[in-house]
Novice: 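Sharing a structure with you now.
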Amino acid sequence: MNSSILKNIIRFVGLVFIQVLILNNINFLGYINPYLYVLFILLYPFNSNQSIFLVLAFLLGFSIDLFEDSGGIHAAACTVIAFIRPNLLRFSFGISYDHQNLRLSTTPIGARLSYIFISIIIHHFILFFLEMFSLNHIILILKKTLFSGIFSVIMIMLSLAVFSKKYR
Amino acid sequence: MQQIFNFLIRNKNNILFLFLLALAVFFTIQTHSFHKSSFISSANVVTGGIYSWANDFDKYMHLDEYNERLMEENKQLRNILTNLNDTISIENYTDTSSFDGTYYFRTARVINNNFAKPNNFLTLNQGKEAGIESEFGVITSKGVIGIIDRVNNRFSRVISILNSESRINAQLNKTNHFGSLIWNGKNPNIVQLIDVPRQAPVKEGDTIVTGGKSLIFPEGIPIGSIQDFKLDQSESYYHINVKLFNDMTNIGYVYVIENMERDEILELEQEEDEQ
């Protein structure tokens, strides 16, 4: 249990640093950035206390906001996907989620991809919507959501592939 | 009472979620209101410290480029200095070192810069300890960068010219027709100059400089050149796309401008209001 807490603390701090120091400076084609830090929320132990998880997700987004000068947009997006994560898990993995013995690295690739993709798209949409703060730019918001989302999903799948060897 | 507590405990996650979401949205709305930006910004000790540490690497990697820019600027200044006697009668030329007495220049390094969002900010590695206050102007040798909005002891935050909340007074270099400089959030190299009256002789390629109507920038700091222009819906004002001289995506060192007479002017204007 202790090693799990430690692992999550390191993951939290590490992802925030990677995000603000490296990934936020990519600006591919002017506006496309991957948001890898969502990985923390996706990987957080599935059977843990939901209240603590919500607070952690808020703090994660909030730390990114502090660095980005963006108010609370990341915090809002993170809180929302943390709140709806149980529903997403049930939707993507079906019955095995309810048995509480699910590990992301052992799930079929299709289910894993749908879980990650849906989470990322919801997160990015809230993020860019709050960033623009108006419906006049809805096309730009959707464009950013789609392109940054694809980039993020690729980054997250790659990181999972690289780091999952350790668990086996 | 018992039932209320039961209700709260049963729904504690939902309530917690709504509370956190409301908090996040509150912070978001707060940053959207200009000049009221709160205690959350990248100019605090923790984030500022980390950015300044990370920027040390970046600075080292770009030393050559910075040297080149300094050489270029030195060359220009030297040219002005040696030719001073000949060119003293040229009126439209403005050089930032000649505003003696009224404006005081400080240097600072940009430790965090963003340009891809609709509201962009920069963080500088100098703060109150170096004499920087909010509402000071920020420029480079090529042109305007923005205006300081928050300061703490060691760091300060700049509202970039690429911020939808930013409005800077600007004018045509040739004539004194002025307007407001805004940004539509699309291209980090192009800003928009609006409210320029129709009478102004606007031509592609003309230079746009800061106007003398603001207390922040000296008159005549270069901003950019006119890329294209059209009349707005009322057909009485121009809407001009301005291509910035600065590459906003690549800024190393900046000058922070203090207007020494600002307080006196503000005091005077307030006296007028009271009468």
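Each chain gets a letter, A, B and so on, in the order the sequences are listed, and its residues count up from 1. It should be emphasised that the depicted structure is a prediction, and the values quoted were computed from it without experimental measurement.
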Novice: Assess, by modelled atom type and distance only, whether the side chains of B/Asn119 and A/Glu131 contain a donor and an acceptor separated by less than 3.5 Å.
Specialist: no
Novice: Let me know if B/Phe115 has heavy atoms under 4.5 Å from chain A in its side chain, its backbone, both or neither.
Specialist: side chain
Novice: So that I can tick it off, tell me whether B/Arg106 and B/Glu258 are bridged by a salt bridge, with the cut-off set at under 4.0 angstrom between side-chain N and carboxylate O.
Specialist: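 Looking at B/Glu258 and B/Arg106, the cut-off is met.
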Novice: Classify the ring geometry of A/His74 against A/Tyr35: parallel below 30°, tilted from 30° to 60°, perpendicular beyond 60°.
Specialist: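 Tilted.
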Novice: Can you say whether A/Phe17 sits under 4.5 Å from chain B via the side chain, the backbone, both, or neither, judging by heavy atoms?
Specialist: side chain
Novice: Tell me, side chain or backbone of B/Asn13 under 4.5 Å from chain A's heavy atoms, or both, or neither?
Specialist: both
Novice: Does the side chain of A/Ser70 come under 3.5 Å of the side chain of A/Asp65 through a donor N or O and an acceptor N or O?
Specialist: yes
Novice: Taking side chain as everything from C-beta outward and backbone as N, CA, C, O, which of these in B/Asn14 sits under 4.5 Å from a heavy atom of chain A? Side chain, backbone, both or neither.
Specialist: both
Novice: Do the side-chain N and O atoms of B/Thr140 and B/Asn246 include a donor-acceptor pair separated by under 3.5 angstrom?
Specialist: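 Yes, a side-chain donor-acceptor pair sits under 3.5 Å.
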Novice: Check whether A/Leu54 gets within reach of chain B through its side chain, its backbone, both or neither, counting any heavy atom under 4.5 Å.
Specialist: both
